[in-house]
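I have placed the structure first, in the form of structure tokens, so that the comments after it can refer back to it.
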Number of protein chains: 2
Amino acid sequence: MKPSRLFALSLLAFVQSAVAADWQPLPGKAPAPKDNPTTAAKVALGQKLFLDPRLSATGTVSCNSCHNVMAGGDDNRPVAMGIHGKTGGRSAPTVWNSAFNATQFWDGRAATLEDQAKGPVVADVEMGMGSLDDVVARLRQIPGYEAEFKKVFGGSQPITADNMAKAIAAYERTLITPDSPYDRYVKGDKKALSTQQQRGMQKFADAGCVACHSGPTFNGQSGASAGAFMKFPAVPGSDYEAKYGFSSDLGHYNVTKRDEDKNTWKVPTLRNVALTAPYFHNGAVVNLDEAVKVMAKTQLGMTLDDADTKDIVAFLESLTGKFPSQQMPRLPATEGKTFTY
Amino acid sequence: MKPSRLFALSLLAFVQSAVAADWQPLPGKAPAPKDNPTTAAKVALGQKLFLDPRLSATGTVSCNSCHNVMAGGDDNRPVAMGIHGKTGGRSAPTVWNSAFNATQFWDGRAATLEDQAKGPVVADVEMGMGSLDDVVARLRQIPGYEAEFKKVFGGSQPITADNMAKAIAAYERTLITPDSPYDRYVKGDKKALSTQQQRGMQKFADAGCVACHSGPTFNGQSGASAGAFMKFPAVPGSDYEAKYGFSSDLGHYNVTKRDEDKNTWKVPTLRNVALTAPYFHNGAVVNLDEAVKVMAKTQLGMTLDDADTKDIVAFLESLTGKFPSQQMPRLPATEGKTFTY
Ligand code: HEC
Ligand code: HEC
Ligand code: HEC
Ligand code: HEC
Ligand SMILES: [Ca+2]
Ligand SMILES: [Ca+2]
């Protein structure tokens, strides 16, 4: 018996022992680390940085390019596309409710939003800046940022990579989508979900999806599996695995280099999942109904029929929340000059 | 004597005969064509389309990518960068106050904002869609757009390329920046401009800049030269011409194929010009002070010293207006699916 099969079996046992679904609404606020309290001024600065394409080598790509906060917080592309049209192997996850992730990135390689935010600016296939120092040097040439960083962080040299990351993370902590039909339902409004959605909710629990997709953001952040990386595919050998090439990227293994972490992945949120097609780390599955069938097969060894799939999809659609209204910021200018792009 | 020199001389004569500066504030509203009245619902739809990257082949480039309304309405790049990092030969002009242009594009090849808006979506180096039909087909797959177009335009098939362009143009007509220090000054608030700015204003008039940059948007839309295409460089042979390669693009000639239109260009607005570096149709000049020196030399045969240049730049900075606050829209979704990018 190959280790992957052994693993799959123990996982199935784990899934079967999962406690009954514990439906939780989305908190209205995300907890912030002690050294980065969320303040209005910091959030306003972070929003600007998030939307500012000058954080990229060509001046054309902002965080928002791949994580569109006017939409699902992603780019609806199979794999993300950065400067010069470069692509990597992974799909952009949503930033909506990312504040509730135990770790960041599909493979969990960043511990916090603060850590995460320093990655993309210097990633070759994303924003392509030569170094964090280059980013800082650029920001220091924008007088409006100098003033705003000073107001928020104080000190004689307020613009640093760490402060940039803190401001962006503080903004991201406000990207929360409460009050979905699901939330209203679990808070007692029994008419918030259609009967089909209620059926789908039950099937989602009965099938065992909740073993991994538990907690307020359905990413396993509460209950037995909190923060765990899960094998995907857990039940190897399905047609889907070959068809969609799920196994070529080793996931969490890339971070730990431990054999048992091969092809394990962070359980992603299912909040607003109807808005974030295509699906999975490689964005290989275009439709949500197909994604649900894939999950049933690869994680639970189960073939879902069309009716059950439709019900579960209807339930997943009830996880689309209310998006806080945002004012468009004014990005501070470099008067009478620009950067050499 | 070569024709270009002849032209330059007659132009200088024209400039010298220009009437005294007629300072005009910016109107608060832009006129709309009879067949496309500006309505709130149409503007809201146009704003979404303007910000929507799904109007591009890769799903990564929106109008806003090159005309950032959170900034100067441009991209602060030498030449614009579209899908796959492709570049053309021209710099992106601002969309702020573009409603007051007599024609659109540096070479005036579009008569109206409506005409203009159908260009970029299918331009290979911009948004790269195969055809307008492809754009329409895509929009028709977005239920939220179907509903909004219907509300705004009515009819059984409300999503058409023409209606898309109408909505975008209606939105652009709201992109007006009134109430700059200059506007307040000419309306009677004599403290709205610093003494240096007032000096610069006088020098701007005395030097002859107003011969071309006249009217409320400083793009020659009123007075003797209304809607005229101007030779640039008008006084040929300067070092700047060679250094910055101004003459290789034949400008308005590309549209008319008439010899006398070689190297003529639409007079661009100077509203918010401090925010829209780099300068000129090819974006070759990074700094505003250098751009002013270039203009003096190439258009008026005059060498401006540093003091005069600084004063004029200070005046030009007073043309930065107030940007209307905008709500970020929610872009309508394709639930549970996406496009094949
Ligand atoms: C060119 C596209 C691109 C850009 C630009 C980009 N990202 Fe990402 N982002 C991605 C991709 C792809 C991933 C997943 C990568 C992985 O898991 O290996 C990701 C992951 C993330 C995550 C983790 C979410 C999760 O659920 O694990 C966060 C948070 C995030 N990005 C925020 C940002 C911020 C902040 C910026 C700007 C400073 C940014 N991104 C810029 C594509 C992009
Ligand atoms: C054993 C753990 C486990 C179980 C059980 C499980 N999932 Fe998942 N789910 C994951 C992991 C891990 C991923 C991310 C896989 C990847 O893309 O690499 C995922 C991804 C998804 C996605 C795609 C999310 C996105 O944004 O791309 C959907 C949708 C989904 N799951 C739904 C379900 C449904 C419905 C069920 C039950 C039928 C289910 N899952 C059961 C672990 C699980
Ligand atoms: C990839 C960059 C890019 C994209 C995307 C783009 N533009 Fe432009 N835009 C330009 C450039 C460059 C010019 C000048 C081209 C020329 O004059 O030949 C221009 C010119 C214009 C003008 C004329 C302004 C003037 O003063 O003459 C308007 C208006 C405009 N664009 C609006 C739009 C709209 C609306 C969209 C989306 C439907 C859009 N643009 C998409 C780069 C872009
Ligand atoms: C004879 C006509 C004419 C005169 C006189 C003139 N300009 Fe211009 N100006 C133009 C034209 C045409 C352009 C666009 C040239 C190009 O980029 O192809 C332009 C462009 C500019 C630009 C760059 C705008 C941008 O967004 O890139 C600035 C700044 C400017 N002029 C300022 C001045 C100043 C200051 C003076 C006087 C010292 C002046 N102009 C005199 C016709 C004129
Ligand atoms: Ca996705
Ligand atoms: Ca410019």
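Residue numbers begin at 1 in each chain, while the letters A, B, ... track the order of the sequences. Since this is a predicted model, take the numbers as computed values, not measurements.
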Q. Checking heavy atoms, do the side chain of A/N68, its backbone, both or neither come under 4.5 Å from chain B?
A. side chain

(Q) Under a 4.5 Å cutoff for heavy-atom pairs, which residue among B/V61, B/I83, B/T320, B/L288 has the most contacts with chain A? (A) B/L288

(Q) Is A/V69 in contact with chain B via its backbone, its side chain, both, or neither, using a 4.5 Å heavy-atom distance? (A) both

Q: Could you look at A/P53 and say if it's the side chain, the backbone, both or neither that has a heavy atom under 4.5 Å from chain B?
A: side chain

Q: May I ask you to name which of A/A333, A/G59, A/S325, A/G82 has the most heavy-atom pairs under 4.5 Å with chain B?
A: A/S325

Q. Which one of A/M81, A/R330, A/Q326 has the most heavy-atom pairs closer than 4.5 Å to chain B?
A. A/R330

Q. Are any of the side-chain heavy atoms of A/K48 and B/M70 separated by less than 4.5 Å?
A. no

Q. Non-hydrogen atoms of chain B under 4.5 Å away: do they reach the side chain of A/S65, the backbone, both or neither?
A. neither

Q. Relative to chain B, which segment of A/T87 carries a heavy atom at a distance below 4.5 Å: side chain, backbone, both, or neither?
A. neither

(Q) Using modelled atom types and a 3.5 Å cut-off, is there a donor and acceptor pairing between side-chain atoms of A/R77 and backbone atoms of B/Y341? (A) no

Q | Within 6.0 Å of NZ in A/K86, more than 12 heavy atoms from elsewhere | A | yes

Q) Closest heavy-atom contact between A/G336 and B/A277? A) C-CB, 4.1 Å

**Q.** Gap between atom CD of B/E335 and atom CG of A/N287 - 0.5 Å precision
**A.** 12.5 Å

Q. Can you tell me how far the CD atom of B/Q327 sits from the CE atom of A/M328, to the nearest 0.5 Å?
A. 9.0 Å

